[in-house]
Amino acid sequence: MFIRVADDSKSNNEIVEIPIDGDMDGSVSLSTLAAQFQGVSALKYRNTETSVWRGVRVADGKLYHPDGVWDPDTVYVTVYSKPVSSDIKRKGVGEQQEEYPITSLGQSKSQRLEYGEETSTENEPDHRCVDLIVLGISYRSLEADVKKCFEVFGELVFCEIKRDANGQSRGFGFIRFKNYESQLAVINKRHFIDGRHVDVKIPDSKTSAHEPEYARKVFVARLPDSITPDDLRQYFSKYGPIKDVYVPKPARSFAFVTFHDSNIVRTLFGTHMIHGCSVTVGPAEPKNKLPAIGDYPTSTYKRAKPDHSSLRTLTAYSTSPAHSHYHQQYGQTANTDMMQRFFQQYGTTTNGSAKAQFSNAQQSYWSNAHEEASAIWQQHYR
DNA sequence: GTTGAGCGTT
């Protein structure tokens, strides 16, 4: 289990997942947290009822949630201890000094919020609020409904629903907060307006300039339909902090996993074992990309097209320890004879010969076998 | 049955 933590003094606004310690007391280790956020001393979060910051309990180098339970969807915000007065530089005569002292670790030039302090950071260039896109608004909702939902987190300076020429809502809109901490509190969280959930994000127009989102995303294909976003999050989080997981509903046997760091995505291309199933991971293509003459040919992993019949047999072997070994050795490229020989050396038996299995296999078969393998995996390992 | 819904007439 992880909690989501952000440092609102940082420009990048990134959320880092921090593990909850496994020793049953449900605490988060301060040192684990400090490994990601130098100099951190505590965490705070927005009390949604009163819209006031609430601090978590700190004792013996551990952080405890006041309610006893960490909300996986809440973004907890780092708190840094107040520098002692001796750290504060005296302002020399005629000297232009920084208004705020550098923290003891000297990492940040920016002002840090103290616990319980409601300082506005709107003048910090990195902390400025931006218009946020609100997606999924009911076509019946009005500006007032949107406003009511988000005012809980702080004062809004802007709220608009986009409409077509006839005044019909387009189902999305934009809001802007006065204070940056309000923005942090709502972003990437689920909210409800008129019984529909809506998502709040930094608009593409603000982010795509430097690095397009798809550069931080992988395309995961050949997934069993039973796989959940949480399963994927759990599996892929060992490679790096995850920003988002997208699984189409209804399931379409693929998903997208977005990381915070684009550098790791290329290391993931290839086949992976998730829940006893072999899946392929490839680069995400830009959204809405139009096919064009002269397009670079599809990526390497795609060109080496996996053999579906091989996969069927692989999944039929399900959770045998030989399975993952085989997978390591041949991926999905080997032919059926190779497979049979390989598994025979392990004394693994199948229900019928591999050849017979897919000579009469239809398209639907591999999906069934996939589901079955996944179910068996869950029985054994979950 | 192997690529994400929708991204702003300021």
Side-chain angles (χ1 to χ4, degrees), chain A residues 130-139 141 143 146 157-176 187-188 193 196-209 212-227 229 232 242-259 265 268-272 274 277-292 295-312 315 332 361-371:
Chain A
V130 295
D131 285 356
L132 303 173
I133 189 162
V134 184
L135 296 162
I137 302 171
S138 159
Y139 295 118
S141 296
E143 259 89 356
V146 176
V157 295
F158 177 69
C159 177
E160 179 192 27
I161 289 177
K162 286 295 168 192
R163 297 172 187 282
D164 66 16
N166 306 321
Q168 168 71 244
S169 163
R170 292 171 65 192
F172 68 92
F174 293 87
I175 59 171
R176 191 189 191 109
I187 222 154
N188 294 331
I193 301 173
R196 280 182 59 94
H197 73 252
V198 299
D199 293 309
V200 184
K201 299 175 178 172
I202 305 274
D204 288 349
S205 53
K206 298 279 181 195
T207 55
S208 53
E213 159 130 294
Y214 71 82
R216 285 178 282 149
K217 226 182 250 197
V218 293
F219 173 62
V220 186
R222 303 161 141 266
L223 282 173
D225 288 355
S226 61
I227 214 132
L232 293 171
I242 288 170
K243 181 171 175 252
D244 190 52
V245 174
Y246 175 87
V247 177
K249 272 192 292 203
R252 285 167 58 198
S253 83
F254 69 85
F256 290 97
V257 178
T258 311
F259 292 87
V265 312
L268 300 178
F269 298 163
T271 52
H272 289 247
I274 305 179
C277 286
S278 164
V279 307
T280 56
V281 172
E285 287 169 2
K287 224 189 273 193
N288 312 325
K289 180 173 129 344
L290 301 170
D295 262 3
Y296 198 74
T298 46
S299 56
T300 325
Y301 94 99
K302 257 187 163 173
R303 249 178 293 158
K305 218 176 184 133
D307 171 4
H308 280 214
S309 53
S310 305
L311 180 71
R312 280 181 215 123
T315 50
Q332 293 170 348
Q362 301 301 317
Q363 259 298 4
S364 64
Y365 180 82
W366 77 256
S367 133
N368 291 338
H370 235 51
E371 295 302 338

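In what follows, chains are A, B, ... by sequence order, proteins preceding strands, each numbered from 1. Since we're looking at a predicted model, the values are computed, not measured.
- Applying the ring pair (Phe, Tyr, Trp, His ring centres under 6.0 Å) criterion to A:Phe172, with sequence neighbours excluded, gives no partner residue.
- Applying the 90° cutoff around 0 to the glycosidic angle, B:dG4 is assigned syn.
- Not a single salt bridge (charged side-chain N to carboxylate O under 4.0 Å, His left out) links A:Arg252 to another residue, sequence neighbours left out.
- Annotation: side chain to side chain contact (heavy atoms under 4.5 Å, CB included) contacts of A:Arg196 (sequence neighbours excluded): A:Ser138.
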Quick one, give me the B/S/- string for nucleotides 4-9 of chain B, reading 5' to 3', where B means a protein heavy atom under 4.0 Å from the base and S means that only happens at the primed atoms, P, OP1 or OP2. BBBBBS
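- With sequence neighbours left out, A:Val130 forms a side chain to side chain contact (heavy atoms under 4.5 Å, CB included) with A:Leu132, A:Gln183, A:Ile202, A:Lys206.
- The residue A:Ala165 sits apart from the nucleic acid: no heavy atom pair falls under 4.0 Å.
- A:Thr258 is linked by a side chain to side chain contact (heavy atoms under 4.5 Å, CB included) to A:Glu213, A:Arg216, A:Lys217, A:Lys243, A:Asp244, counting only residues two or more places apart in sequence or in another chain.
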